[in-house]
S.K.: 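This is the structure, below, for whatever I ask next.
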There are 2 protein chains.
Amino acid sequence: MDEQSRETVTADDVALRAGVSRWTVARAFKKDGVISEKARAKVMAASAELGYVPDLLAASLASDRSNLVALLVDDFDNPHKLVMLERLTRILREAGYGTLLVNMLGESDAPEALLTASQRRVDAAVVIGTQFDEGIRRTALGAKRVKQLIIFARASTTPGTISIGCDDIAAMTEITRHLLGKGFKRPLFLAGPNTESTRLMRKDTFLSVWSEAHGAPPPSVIHVADYSMALACEAVTTYLSDLDETLRPDVIVCENDVLALGAIDALRHKLGLAVPAEVAVTGFDDVALAASPAYDLTTYRQPVTEMAHALVRVLDNGGRNATDVFLPGKFIKRGSA
Amino acid sequence: MDEQSRETVTADDVALRAGVSRWTVARAFKKDGVISEKARAKVMAASAELGYVPDLLAASLASDRSNLVALLVDDFDNPHKLVMLERLTRILREAGYGTLLVNMLGESDAPEALLTASQRRVDAAVVIGTQFDEGIRRTALGAKRVKQLIIFARASTTPGTISIGCDDIAAMTEITRHLLGKGFKRPLFLAGPNTESTRLMRKDTFLSVWSEAHGAPPPSVIHVADYSMALACEAVTTYLSDLDETLRPDVIVCENDVLALGAIDALRHKLGLAVPAEVAVTGFDDVALAASPAYDLTTYRQPVTEMAHALVRVLDNGGRNATDVFLPGKFIKRGSA
DNA sequence: CACTTTTATGCACGCGCGTGCAAATTCCTG
DNA sequence: CAGGAATTTGCACGCGCGTGCATAAAAGTG
C-alpha cells in the first residue's frame with residue numbers, strides 16, 4: 001500500500017496501478033465503453049484499492065454533459081412539492097443525474113434563478129413552479145444558456161419548452177362525472193392564482209364538462225391569490241358569508257388539495273357547516289393529509305413516479321424529438337365527496 | 001455587434017472586447033478583487049453586451065472551492081422539511097452557494113449518497129436527515145472526500161462533524177414549564193424512532209425537567225417507528241385503547257408536529273376524545289398546519305432562518321474553528337395545550 | 001502461416017478559469 | 001520632476017477528464 005492516500009486520487013493514479021493508460025480507466029467507468037473484460041477488471045480492482053471515483057466536475061467541463069439538472073421551485077408551501085422532490089431526486093439519481101435545487105425567490109426572479117443554474121452547466125432546467133413568466137423562456141432559450149427547459153406538473157404552451165404532467169383533462173373529467181353521478185347541483189370551483197404562461201387545465205375542464213351536462217347557469221369560480229390553506233380558508237369564508245343561504249354551493253371543487261383543506265377548515269370551523277353532509281369537497285394531488293381521518297378528502301393522485309420516469313427519458317435523449325407528456329393518474333374516492 | 005453570439009462566451013471574449021486581459025475580467029467578477037474602477041467598468045460593460053457569465057464549473061475545477069453544498073435528506077414526509085429547504089436554498093443562494101439536493105434512498109444509503117455529492121466537489125455536505133449512521137462519517141471524513149460534514153437541525157456527537165440546530169433543551173424546558181404551570185398530571189411523551197448517532201434532546205429534556213418538578217413516577221414514553229402522521233395515529237390509538245381509563249394521560253407531549261397531528265387525529269377520530277378538554281397535545285416545529293383551526297396546535301418554532309445564516313457563516317469560514325451552534329426558537333401557544 | 005477484419009488501447013488537444021508572482025503603471029512626496 | 005511606494009495588470013501552469021483518431025493487439029479466414 002503506497003501512502004499517497006489522503007490526497008485526491010485521479011484516473012492517472014489508477015492507470016499507473018492497473019498498468020494501463022488513463023483512457024482505459026475512463027473507459028472502464030463508462031457503462032458502454034469498449035474495453036476488454038480483463039482490463040476493466042484490473043481497473044476496477046485498482047480503483048477499489050485506491051478509492052477512486054471519477055470527478056464529475058472535470059467530466060462535465062471536458063464533455064458537454066453535466067448530468068446535472070436544475071429543479072426550479074417557487075412554492076415551498078405545498079406539501080405535494082415534497083412528494084415531487086422526493087420522486088424526482090430519487091429517480092434522477094438512480095438514472096445518474098444530480099439535482100440542483102434552485103429557489104425562485106420572487107415573482108420576477110425566474111430569469112436570475114435560471115442563470116444561476118446555467119452557470120453550473122445543467123443539462124436541463126425543470127420548472128416545478130406555479131408562477132413563471134415569459135422572461136424565463138427568453139433567458140433560457142434566447143441566450144442558449146440552458147439546453148432544455150422542462151415544465152413539470154404543468155402545461156405550458158410556450159414554444160421551445162416541453163411539459164410533463166398529469167392528464168388533467170381526463171382527471172378532472174373523472175372527478176366531475178363522479179360529482180354529477182352523486183347528484184350535486186350547485187358546485188363552486190376554487191382555483192389558485194390566474195396565471196397565463198403555465199396553467200392547469202383543471203378549471204376549464206371542470207367548467208366545460210359540468211356545463212355540458214347541466215347547461216346554464218355555469219358554476220361559480222373564485223380565485224385565491226396563492227396556493228395556501230390560510231388564504232383558501234379566508235376566501236371561502238368570505239365568499240360564503242356574503243352569500244344567500246339558498247344559493248350556497250353543495251360541493252366545492254378545488255384545484256388542489258391545499259385549497260381543499262383550507263376550504264374544509266373554513267366550512268367546519270368558520271362557517272359551522274358539516275362536510276360532506278352540508279357541503280362536499282374535492283381536491284387534487286392526494287397529499288398525505290388527504291388520507292387523514294380529519295379530512296378524508298376525495299381527490300386525484302398524480303402519477304408522479306411515471307412523470308419522473310418520463311423526464312429521465314427526455315433527458316437521456318438529450319431532448320431530441322421530445323414531446324409533451326401527460327399521464328393518467330388515479331381517482332381517490334374518500335368521504336368528503 | 002459582432003455575430004459570434006449563439007456560442008458560449010468566455011472570459012477571453014470579454015477581455016478582447018474590453019481591451020484587457022482575461023485575468024482582469026476574472027478580477028472584475030471577484031467581489032474583493034484588486035482592480036481599478038475604470039477597468040471593472042469596462043469589463044462589466046463588455047460582459048453585459050456579450051451576455052457573459054462566469055462558468056462556475058470551470059471555476060470549481062480550477063480552484064478548490066465549488067460554492068456548492070449538498071443537502072442530504074432522507075425523510076420527505078415531514079412538511080417541515082420543506083420549510084428548511086426553502087430557507088436553506090434561499091439563504092445559501094443569496095450567499096452565493098448552489099445546493100445539490102441528494103435523496104438518501106434507504107437506511108444504508110448515506111455513504112453512497114455522500115459519494116454522489118463528493119463527486120461534484122461540494123464544499124460541504126449538510127445532513128438534514130433523521131436517520132444516519134456512523135458509515136456516513138467514515139465515508140465523509142475517512143476518505144477525505146467531503147471537506148465538511150454538517151448536521152442540520154439535529155445534535156450529533158460524532159467527532160469531526162458540526163451541528164447547527166435549535167436549542168432543544170431550552171425549548172423543551174419552556175414547553176414543560178408551561179405544562180407544569182397549567183397543572184397537568186399525567187403526561188405521555190410521543191417520540192420518533194430511537195436513533196443513536198443523531199438525536200434530539202427533546203425527550204431527555206422533557207423527562208428530566210418533568211421528573212425534577214414532579215418526582216416519581218416518571219412519565220411514560222412511546223416510540224413511533226417513523227415520523228409519520230399515520231403511524232403516530234396508530235401508535236396512540238393502540239396505546240390508549242389498551243390503557244385503563246383512569247391511567248389515561250392528560251397531555252401528550254410530542255417530539256414534533258407530525259407526531260402531534262397524528263396524535264390529535266387518534267384522540268378525536270379513533271378514540272372520541274376531545275382536544276384539549278380531555279387530552280391536551282403539544283408539538284414541535286410549528287408547521288403550517290399547526291396554525292390551522294382544525295388543529296390549533298401549541299408548539300415551538302425552530303429558528304430556521306438563523307440556523308441557515310449560521311450555516312453560511314460556517315461555510316464562509318471554510319469550517320475553520322467552527323463549533324456547534326444551537327439557537328433559541330419561539331414558543332407558540334395555541335389552543336391544544 | 002500470411003493476411004484481413006475486428007477489437008483494444010494510447011494519445012494530443014482542449015474545456016474555462018484560478019493561483020501566485022513578476023512586470024508595468026500610477027500615485028505621492030519633497 | 002526624480003524616486004520610491006502603492007496599485008494595477010499580465011501570464012505560465014494546472015485542475016481532471018472526454019473526444020476523435022491513429023496505432024497495436026487479437027481474432028478470424030483460406
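By convention in this document, chain letters (A, B, ...) are assigned in the order of the sequence lines, proteins followed by strands, and residues within each chain are numbered from 1.
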S.K.: Figure out the CG/C1' separation between Asp12(A) and dC11(C), and round it to whole Å.
M.R.: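 Going from CG in Asp12(A) over to C1' in dC11(C) covers 12 Å.
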S.K.: Just N and O in the side chain of Ser36(A): are any of them under 4.0 Å from OP1 or OP2 of dT9(C)?
M.R.: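 Checking dT9(C) against Ser36(A), a side-chain N or O does come within under 4.0 Å of OP1 or OP2.
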S.K.: Output yes when at least one side-chain N/O atom of Thr8(B) is less than 4.0 Å from OP1 or OP2 of dG16(C), else no.
M.R.: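 Yes, Thr8(B) has a side-chain N/O under 4.0 Å of OP1/OP2 on dG16(C).
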S.K.: In this structure, how many angstroms lie between the P atom of dT8(D) and the NZ atom of Lys30(B), rounded?
M.R.: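 Between P of dT8(D) and NZ of Lys30(B): 14 Å.
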S.K.: Using a strict threshold of under 4.0 Å (side-chain N to carboxylate O), is an ion pair present between Asp109(B) and Arg93(A)?
M.R.: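 Looking at Asp109(B) together with Arg93(A), the answer is yes, because their closest N to O distance falls below 4.0 Å.
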S.K.: Do you see a donor-acceptor pair shorter than 3.5 Å between the side chains of Glu86(A) and Asn103(B)?
M.R.: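 A donor-acceptor contact under 3.5 Å links the two side chains.
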S.K.: Which residue, Thr10(A) or Lys38(A), contacts DNA chain D at a nucleotide closer to its 5' end, judged by nearest heavy atom?
M.R.: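 Nearer the 5' end of the strand: Thr10(A).
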S.K.: Hey, are Ser66(A) and Arg121(A) close enough side-chain-wise for a donor-acceptor pair under 3.5 Å?
M.R.: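 Ser66(A) and Arg121(A) do not have a side-chain donor-acceptor pair below 3.5 Å.
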S.K.: Return the value, rounded to whole Å, for the distance between atom CG of Leu50(B) and atom P of dG16(C).
M.R.: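 Distance check: Leu50(B) CG to dG16(C) P gives 14 Å.
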S.K.: Rounding to a whole Å, what distance do you find between Lys42(B):NZ and dT8(D):C1'?
M.R.: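 Going from Lys42(B) (NZ) to dT8(D) (C1'), I get 12 Å.
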S.K.: From CZ of Arg121(A) over to P of dG18(D), roughly how many Å is that when rounded to an integer?
M.R.: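 That distance rounds to 13 Å.
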S.K.: Return yes if some donor-acceptor pair links the side-chain N/O of Asp167(B) with the main-chain N/O of Leu327(B) below 3.5 Å, else return no.
M.R.: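 No; judged by distance alone, with no hydrogens or angles, the pair does not exist.
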S.K.: Which listed nucleotide (dC17(C), dC17(D), dT19(D)) is nearest to the side chain of Tyr52(A)?
M.R.: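 The listed nucleotide nearest to Tyr52(A)'s side chain is dC17(D).
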S.K.: Give a yes or no on whether a donor-acceptor pair under 3.5 Å exists between the nucleobase atoms of dT19(C), that is its base, and the side chain of Trp23(B).
M.R.: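 Indeed there is one.
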S.K.: Specify the residues of residues 55-68 of chain A, ordered by number, for which at least one heavy atom lies under 4.0 angstrom from an atom of DNA chain C.
M.R.: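 Result for residues 55-68 of chain A: Leu61(A), Ala62(A), sorted by number.
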S.K.: What's the CZ-C1' distance between Arg27(A) and dG18(D), to the nearest Å?
M.R.: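 Rounded to the whole Å, the gap is 10 Å.
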S.K.: How far does CG of Asp74(A) sit from CG of Leu105(A), to the nearest 0.5 angstrom?
M.R.: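 Rounded to the nearest 0.5 Å, the CG-CG separation comes out at 10.0 Å.
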S.K.: Within this structure, what is the CD1-to-P distance between Ile35(B) and dT9(D), rounded to whole angstrom?
M.R.: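 Nearest whole value for this atom pair: 6 Å.
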S.K.: So Phe29(B), base contact, sugar-phosphate only, or nothing? Heavy-atom distance under 4.0 Å.
M.R.: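 No contact.
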S.K.: For Tyr97(B) versus Leu68(B), what's the shortest heavy-atom pair and its separation?
M.R.: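 For Tyr97(B) versus Leu68(B), the nearest heavy atoms are CD2-N, 4.4 Å.
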S.K.: Ignoring hydrogens and angles, tell me if any N or O in the side chain of Ser118(A) forms a donor-acceptor pair with the backbone of Val146(A) under 3.5 Å.
M.R.: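 Flag not set: sc Ser118(A) to bb Val146(A) has no pair under 3.5 Å.
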S.K.: Can you say whether a donor on the side chain of Arg22(B) sits under 3.5 Å from an acceptor on the base of dG18(C), or the other way round?
M.R.: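 Such a pair exists between side chain and base.
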